[in-house]
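Encoded as C-alpha cells, the structure appears first; notes follow it.
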2 protein chains.
Amino acid sequence: MPTLSEVARRAGVTSATVSNVLRNRGRVGEETRQRVLEAVEALNYRPHLAARALAEGRAPTLALMVSSIANPFYPEFALAVERSARESGHFVIICNTNDDSIAGRAYLEQIAGNLSEGVLVMNANLDFDDLRATQERGTPVVLCMWERPGDPPGLPCVAVDFRLAGRLAGRHLIELGHERIGAIVGSKPSGIHAPRYAGFADAMRETGRKAYAKSKRHAPDTIAGGYAAARELLERDPALTAIFATNDLPALGAMHAAADLGFDVPRDLSVIGITDIQLARESRPPLTTVAVPTIEAARMAVSLLRELIERPARGEEPSALMCVTSSPELVVRGSTRSVSKKKRKES
Amino acid sequence: MPTLSEVARRAGVTSATVSNVLRNRGRVGEETRQRVLEAVEALNYRPHLAARALAEGRAPTLALMVSSIANPFYPEFALAVERSARESGHFVIICNTNDDSIAGRAYLEQIAGNLSEGVLVMNANLDFDDLRATQERGTPVVLCMWERPGDPPGLPCVAVDFRLAGRLAGRHLIELGHERIGAIVGSKPSGIHAPRYAGFADAMRETGRKAYAKSKRHAPDTIAGGYAAARELLERDPALTAIFATNDLPALGAMHAAADLGFDVPRDLSVIGITDIQLARESRPPLTTVAVPTIEAARMAVSLLRELIERPARGEEPSALMCVTSSPELVVRGSTRSVSKKKRKES
DNA sequence: TTGAAAGCGCTAACAA
DNA sequence: TTGTTAGCGCTTTCAA
C-alpha cells in the first residue's frame, strides 16, 4: 500500500501538501494540485484511516451495541443507523452483547474511544454504570430507544413514547368492542416492556375495564415465546376475543397459537402488536400493530451522538440530552376486527 | 484517556516495559510487573486500538459486505461471523452495499487494508474486479457463499453445494409423488440462484419429468416477490401440486399466495424452500426446506480469511483457496406432503 | 531485565 | 503556496 510520502515524492512535493490537496484545504497551487492528483491516481493511493484517526485524535467508527443482531428488529434499525453514520463518514461496528453485560463491558472497554468515537446502545441489558464510565472516559454514549420520555435515564437518549403505543393498542381493541383481552408482556418484569403494558392498562382503566389484569403473561420476545404465552392464555380463558402483545414477534406467535387452537384471526380473535417490523406486513393475516418510528429514532440517535462527539471539541454544551421521536401510530391491518356477536364458533 | 507513557511514568518504567507486560511477553521482573499492573489499574488504562493497529501494521477489524443487513438471512450469518471474528480479536464492520456496486467499491476503497484487515463478501453484487483489486493491494477477500463448488470463482471462497440443495428439494417433491411442480427462482437470471434451479432440474430430469420447465418464474428474494410469483404460477396452472423456491423467503410468500387462492398447504399444495432461515421454523405450517450450513460457512469464511491474513506474514502459501462446507440437508416440516389423489378441493 | 529510539501513516501548527 | 517539524499512542529492534 502506497503512503502519503510516496505520493509526495512522486509528485515532487511534501506530504503536507498532499494532505492538503486530499482534504481540499485550498492553499495549494492548481498546478501542484494536478501533479499530486496524478500521483495519487498513478499509485492508486488510499488514505490510511487508522493513521488518520490517530493523528486527528478521532476514530472513524461508531459502535452499535445490540443483544443479538439476529433479532428481526435490529437489522432494520442497524441499516438505518449505518446510512446515517455514513453521512458523517463513520463506519459501524456491530457489537453483539448476547444479553450478557460482561460481554458488553468487554466490548465497551476495547472499542470505546479508540476504535469508535461513540457508542449507540440498542438494548437495555448493559450496565448503566459501565455506560456512564465509558462516557466519563470521553466516549459519548446514546441509548437508542428509551421507553419513558418522562423519565430521563441519566444518559443521552432518544426516547419513544411506548406508553402511548400501548395505549393506542388498547384503545383500538376497545373501540372494536373487545372486553376480554389477554396481554403478552416482554419477559423482564421491570424491563423495557413495562411502559407498553402500562399504556395498555391506561386504556383499559380509562374505559372502566378491569378484566384484563387476570390475563397477562410474560414471554420472551420471540415468536415461540408469544406462541406459548398465547396458548396458555387461550386455554385458560377461551372466551378471550383479543390479545395484545408488547411486541410484534410475540404477537405473530400468538396468531399461530390461535390458529392451532382453532381460532380464526381476526374472526374469533384479534391480535395486535407494537413496533411494526417488516414481518408484520408479511404475516397472514397481516398484523395490526402500533408503528414505532424506527428509522427516525435511528437518525436521531446518530445525530445526537454526532453532536455529543463534536460539541466538546467546540467547547459547547450539547443542546439536549434527550430527543423524542414523533409519536407511535396505529396501523390497522388484518389481524384485528370488531368483536363478533356470536363470539367464537369452534373450540 | 491515559496513555502508555502515563502508565509508564506512574510505574517508574518506560513505555516499552509497560508494553511488554501488557502483551505478556515475559522478560519483565515480577516486581516491575506488579508495579505496572497497579499503574494500569489505577489509571484505568486501556490500549488504544487504532494506535496499536498502526504500529503493528494491522487492523483489528473485518469488513462484512452485505447487500442489506435487513435481509433476514444475513443477520443470522453476521452473528456467526462476529462470534468467530472475536476469537481472533477482530471486530466486525457491517458494510451495506445496498446492491450497488459503486457503493461497494467505495466501501472497499476506504476500509480495506486500513481499517479492516480482511473482507468478507456475503453477496455477489460486488464487482469481482474490485475485489481482486483490493486483494492485490494486500487485503485478503473471501466470498462467504459461493454456489458452485465445481467452478472456482478466482477468489478465495467458501463453497456450498447449492446445486445439491436444489436436487434434494426436487427429489423430496418427487418422492412425495408430485408431478406438476412450479419453480420460483431468484431474480437475477445468471445470478446466484442458477445452481439451485439447475439442481432442481437435475432431479426432474433424473426421474423423467419435463413439465416443470413451463412453470418457472423469477422473483426478487423476498416474501412479496414469492407471493407474486406464486400467484401467477397458480393462476396460470391451478393443477400444480407443489412449488419449489430457490430461497425460503419466496417460499414463505408462496405459502401466503396459496392460502389467498384457497389452496391449503400442504393438503393441496406442497411448498419447499432452500436455506432454513429462522423464519422457516416459525411459519405456519413450518416450512420444509433444504438447510444450508450457515454457521459452518461463517466459521469457515472467517478462518479462511484469518489464514489469508496470517500466511503472507509467515511467508507461506495459503493451504487452499476454497473451502467446501458440509452438504445441505433436507429438513422436512409441515409444508410438504404426498400428493393427494383427489388433488385440490377448492379454487 | 529494562531503556532508548525509531517509526507506523497521517495531520497540523508554524515557518519560509 | 509550500516545506519543516513535531507529534498521535503504540510496538519493536537494539543497547545497556
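Source: prediction; values computed, not measured. Reminder, nothing fancy here: chain letters follow the sequence lines and each chain counts from 1.
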Inset, instruction - Decide whether A:Glu38 and A:Gln34 meet the rule of one side-chain donor and one side-chain acceptor closer than 3.5 Å. - result: no

Inset, instruction - Under 4.0 Å between any heavy atoms, over every strand shown, what does A:Gly57 touch: base, sugar-phosphate, or nothing? Just pick one. - result: nothing

Legend entry - Rounded distance (Å) that lies between atom P of D:dT13 and atom CD of B:Glu56: 11 Å

Inset, instruction - State which of C:dT11, D:dG9, C:dT1 makes the closest approach to the side chain of A:Arg23. - result: C:dT11

Legend entry - Under 4.0 angstrom between B:Arg52 side-chain N/O and D:dG9 OP1 or OP2: no

Inset, instruction - Would you tell me whether B:Thr61 and B:Ser116 have side-chain atoms, one donor and one acceptor, within less than 3.5 Å of each other? - result: yes

Inset, instruction - Could you work out which one of C:dC10, D:dT11, C:dT11 sits closest to the side chain of A:Tyr45? - result: C:dC10

Inset, instruction - Specify the separation, in whole Å, of atom CG of B:Leu4 and atom P of C:dT2. - result: 16 Å

Legend entry - A:Glu30 CD - D:dT1 P separation (whole Å): 11 Å

Legend entry - Shortest side-chain distance from A:Thr17, nucleotide among C:dC10, D:dG9, D:dT2: D:dT2

Legend entry - Nearest-Å distance for atom pair NE2/C1', residues B:His48 and C:dC8: 14 Å

Inset, instruction - From the options D:dT12, D:dC10, C:dC10, select the nucleotide whose nearest atom is closest to the side chain of B:Thr3. - result: D:dC10

Inset, instruction - Give, ordered by number, those residues of residues 5-15 of chain B having at least one heavy-atom distance below 4.0 Å to an atom of DNA chain D; if nothing qualifies, reply none. - result: none

Legend entry - A:Leu54 to B:Leu54 - nearest heavy-atom pair and separation: CD2-CD2, 3.3 Å

Legend entry - Candidate nucleotides C:dT2, C:dG9, D:dG3, ranked by approach to the side chain of A:Ala16 - the nearest: D:dG3

Legend entry - Minimum-distance nucleotide to A:Leu54 side chain [options: D:dT11, D:dC8, D:dC10]: D:dC8

Inset, instruction - Keeping the roles fixed (side chain from A:Trp146, backbone from A:Asp151), state whether a donor-acceptor pair exists under 3.5 Å. - result: yes

Inset, instruction - Please tell me which of B:Ala50 and B:Asn20 maps to the more 5' nucleotide of DNA chain D, matching each residue to the nucleotide holding its nearest heavy atom. - result: B:Ala50

Inset, instruction - Give the nucleotide from the list C:dT2, D:dC8, D:dC10 with an atom nearest to the side chain of A:Ala55. - result: D:dC8

Legend entry - Geometric cation-pi criterion, B:Arg86 with A:Tyr107: 6.0 Å, 45°: yes

Legend entry - Listed nucleotide nearest any side-chain atom of B:Thr32, set D:dT11, D:dG9, C:dT2: C:dT2

Inset, instruction - Using a cut-off of 6.0 Å, state whether more than 12 heavy atoms not belonging to B:Arg306 lie near its atom CZ. - result: yes

Inset, instruction - Could you tell me whether the side chains of A:Ser326 and A:Glu296 share a donor-acceptor contact shorter than 3.5 Å? - result: yes

Inset, instruction - Rounded to the nearest angstrom, tell me the gap between atom CZ in A:Arg58 and atom C1' in D:dG9. - result: 17 Å

Inset, instruction - Whole angstrom is fine here: how far is it from CZ in B:Arg35 over to C1' in C:dT1? - result: 12 Å

